[in-house]
Structures are given as C-alpha cells and as structure tokens.
Amino acid sequence: MKKLFFPIFLLSGVTVVSGIRIYQSGIGEETKILFISEILHMIMIAILFIMGIIYGVKRIRSKEEGFPEDDELSKKIIRKSAGISFYVTLFIWLTLLFVNSFIELDSRLIFSYGFIGMSLTFVITWLIINSQGIKDA
C-alpha cells in the first residue's frame with residue numbers, strides 16, 4: 001500500500017498545482033490562442049489524472065486478490081510500450097520544432113505540448129499493447 005500511496009499523492013499534487021497555475025495565469029484579449037491551449041492542457045491533465053486513478057484502483061484490487069504487483073508480462077509490456085513511445089515522441093518533438101520555425105510560439109507552450117504528447121503517447125501505446133498482447137517472434 002505504501003508503494004501505491006506515493007504515485008497517487010504525486011499525481012494528485014501535480015494535477016492540483018497545474019490547475020492552480022493555469023487558473024492564475026489569466027487571459028488577455030489578445031491571447032485567444034493561449035486560452036484554447038489552456039483548455040486543452042486542462043483536458044489532457046484531467047484525462048491523465050483519471051487514467052492514473054483507474055490504474056491505481058486496478059493495482060489495489062489485484063493486490064487484494066493476491067496477484068503479484070509486477071510480473072514478467074507486465075514488465076515486458078511496459079518495456080515494449082516505452083520503447084515504441086520513445087520513437088514516436090522523437091517525431092512529436094521534431095514536428096513541434098518544425099511548426100515553431102513557421103509559427104512563433106512561446107517556449108513554455110512547446111514544452112507543455114511535448115510533455116503532454118509524450119505522456120499520451122505512452123498511455124496509448126500501453127493500452128494498445130496491453131489489449132493485443134505481446135507476440136513471440
């Protein structure tokens with residue numbers, strides 16, 4: 001249970017601090033694109049928070065049923081999804097840098113888009129690999 005408390009505490013803390021930070025930043029009339037990006041940030045943070053809570057609840061249930069926390073298959077799924085998402089996020093960063101050469105964006109926006117893209121890419125690849133399974137080849 002101690003291993004599970006820290007990630008949920010960290011996830012909740014990051015979500016609350018991100019929400020307060022975005023709320024306090026304020027919106028000017030000339031920054032309409034920043035307002036849209038803030039809404040997208042909040043939606044992505046909420047999605048990641050909900051998925052983290054679901055993951056935590058599943059781990060608690062499996063621990064209560066007596067299953068081991070980290071078996072070989074789940075480690076292999078995480079390793080494979082991390083490898084695939086690494087290569088995909090390289091292209092995300094290259095695309096963001098390419099877009100930044102045409103449209104002048106704030107560096108904080110680029111980093112936030114990149115980090116949100118990285119986390120969503122990992123979650124999506126993990127969901128795909130977890131649902132399909134790992135094929136021995």
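Neither Ile84 nor Leu90 shares a network with the other; the hydrophobic side chains, linked directly or stepwise wherever heavy atoms of I, L, V, M, F, W or Y lie under 4.5 Å apart, form separate groups for each. Under the 4.5 Å side-chain heavy-atom criterion for grouping Ile, Leu, Val, Met, Phe, Trp and Tyr, Leu97 is not connected to Phe111 through any hydrophobic cluster. Note on Leu96 and Val99: same hydrophobic cluster, where clusters join Ile, Leu, Val, Met, Phe, Trp and Tyr whose side-chain heavy atoms are under 4.5 Å apart, directly or indirectly. Note on Ile116: it clusters hydrophobically with Leu127, by side-chain heavy-atom contacts below 4.5 Å among ILVMFWY residues.
Applying the side chain to side chain contact (heavy atoms under 4.5 Å, CB included) criterion to Ile77, with sequence neighbours excluded, gives Leu73, Trp126, Ile129, Asn130, Ile134. In this view, Thr95 satisfies the side-chain hydrogen bond (donor to acceptor under 3.5 Å, both in side chains) rule with no residue, not counting sequence neighbours. Evaluation of the ring pair (Phe, Tyr, Trp, His ring centres under 6.0 Å) rule for Phe115 yields Trp93 as partners, not counting sequence neighbours. Every residue meeting the side chain to side chain contact (heavy atoms under 4.5 Å, CB included) condition with Ser85, not counting sequence neighbours, appears here in chain and number order: Thr121, Phe122, Thr125. Legend: residues meeting side chain to side chain contact (heavy atoms under 4.5 Å, CB included) with Glu65, ordered by chain and number and at least two apart, are Phe67. Residues passing the ring pair (Phe, Tyr, Trp, His ring centres under 6.0 Å) test with Tyr87: none are found, sequence neighbours excluded.
Atom OG of residue Ser81 and atom CD1 of residue Ile124 lie 12.0 Å apart, to the nearest 0.5 angstrom.
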